[in-house]
Amino acid sequence: QVQLVESGGGMVQAGDSLRLSCAASGPTMIRYGMAWFRQAPGKERELVAAISGSSFTTYFKDAMEARFTISRDNARSRLYLQMNTLSPEDTAVYYCAATRPYYRGPLASTTEYAYWGQGTQVTVSS
C-alpha cells in the first residue's frame, strides 16, 4: 500500500515558479510509475506529467513540457513537479498519484493510477 502526501502549493503571481513535492511511504518506489494530476474548479481532473519508476520515460500533457519538469528521487521516496512561468490557467488542486506496482504500460493511461494523495492547492493570480 502506497501513501502519498503532497506539499509545496500556494498562491503566486503570473510568471512565478513553484515546486511541488510528493512524499511517498510504503514499498520501494521504483516499482511504481508516478504522475501529477490537477483539477481546476468546474473541470475534470487531468494528467499533467508522469514518470516511470526508473525515470527513463516521462510524459507531459500537450505543451506542458515547455514549462514543467517532473522528476523523482527514489532513494528519498520523493516525486517533484517544477512549474515555471505560471499563469492563472494553472490554478488547480494538484494531486500526486502512483500506478499499481510493476506497471509497464503507457504512462498516459490515467486509469492505471491506483494510489492518490490528498492534493495541494496552487493559485496563480494575474
Side-chain angles (χ1 to χ4, degrees):
Q1 184 77 10
V2 177
Q3 296 177 335
L4 305 171
V5 180
E6 303 93 337
S7 62
M11 184 176 295
V12 297
Q13 294 187 331
D16 285 352
S17 297
L18 206 57
R19 189 193 197 203
L20 304 183
S21 296
C22 174
S25 61
T28 306
M29 290 311 302
I30 197 170
R31 301 175 185 175
Y32 302 84
M34 299 193 74
W36 289 97
F37 287 75
R38 70 183 183 184
Q39 187 167 20
K43 295 186 177 181
E44 293 186 356
R45 186 164 56 189
E46 64 176 354
L47 175 62
V48 174
I51 187 168
S52 62
S54 64
S55 301
F56 184 78
T57 304
T58 58
Y59 168 84
F60 292 87
K61 176 179 168 56
D62 299 331
M64 291 188 182
E65 187 173 8
R67 298 186 296 122
F68 294 179
T69 302
I70 187 170
S71 62
R72 63 191 294 166
D73 183 340
N74 288 336
R76 297 187 176 187
S77 297
R78 293 289 190 276
L79 175 72
Y80 304 102
L81 184 68
Q82 176 68 41
M83 304 185 293
N84 299 325
T85 319
L86 287 163
S87 72
E89 290 68 34
D90 296 314
T91 294
V93 177
Y94 284 72
Y95 297 91
C96 172
T99 65
R100 53 183 170 80
Y102 303 112
Y103 173 73
R104 293 293 181 265
L107 294 170
S109 297
T110 59
T111 57
E112 299 298 338
Y113 291 90
Y115 305 98
W116 296 85
Q118 83 289 349
T120 185
Q121 177 70 46
V122 173
T123 303
V124 185
S125 61
S126 58

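Atom set for the values below is all heavy atoms of this structure, side chains included, hydrogens, waters and symmetry mates excluded. Just so you know, residue 1 is the first one in the sequence shown, and it goes up from there.
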Are there over 12 heavy-atom neighbours, none belonging to Glu46, within less than 6.0 Å of that residue's CD?
yes

Are any non-hydrogen side-chain atoms of Leu107 and Glu112 less than 4.5 angstrom apart?
no

Looking only at heavy atoms, which two atoms of Tyr113 and Thr99 are closest? And how far apart?
CE2-CG2, 3.5 Å

Which atom of Pro88 lies closest to which atom of Ser125, heavy atoms considered
CG-C, 4.3 Å

What's the separation between atom CZ in Arg78 and atom OG in Ser21, rounded to the nearest 0.5 Å?
7.5 Å

Could you tell me which residues satisfy ring pair (Phe, Tyr, Trp, His ring centres under 6.0 Å) with Tyr59, sequence neighbours excluded, listed by chain and number?
none

Nearest heavy-atom pair of Gly53 and Arg72: which atoms, and what distance?
CA-NH1, 3.3 Å

Using a side-chain heavy atom cutoff under 4.5 Å and only I, L, V, M, F, W and Y, what cluster partners does Tyr94 have?
Val2, Leu4, Val12, Leu18, Leu20, Met29, Tyr32, Met34, Trp36, Val48, Ile51, Phe60, Met64, Phe68, Ile70, Leu79, Leu81, Met83, Leu86, Tyr115, Val122, Val124

Please report the shortest heavy-atom distance between Gln39 and Lys43, naming the atom on each side.
NE2-O, 3.1 Å

Atom pair CZ/OG1 of Arg38 and Thr120 - distance to nearest 0.5 Å
14.0 Å

Checking one residue: Ile30. Which other hydrophobic residues are in its cluster under the side-chain 4.5 Å linking rule?
none

If you take all heavy atoms of Tyr95 and Gly117, which pair is closest and at what distance?
CD2-O, 3.6 Å

Nearest 0.5 angstrom please: Cys96 SG to Gln118 CD, how far?
9.5 Å

Looking at every non-hydrogen atom in both residues, tell me the closest pair between Ser52 and Phe56 and how far apart they are.
OG-N, 3.2 Å

Under the 3.5 angstrom rule, does the side chain of Arg67 hit a backbone N or O of Thr85 as a donor-acceptor pair?
yes

Atom pair CZ (Arg19) and OG1 (Thr69), whose distance is rounded to the nearest 0.5 Å
10.5 Å

Approximate separation, where rounding is to 0.5 Å, of Cys22 SG and Glu6 CD:
5.5 Å

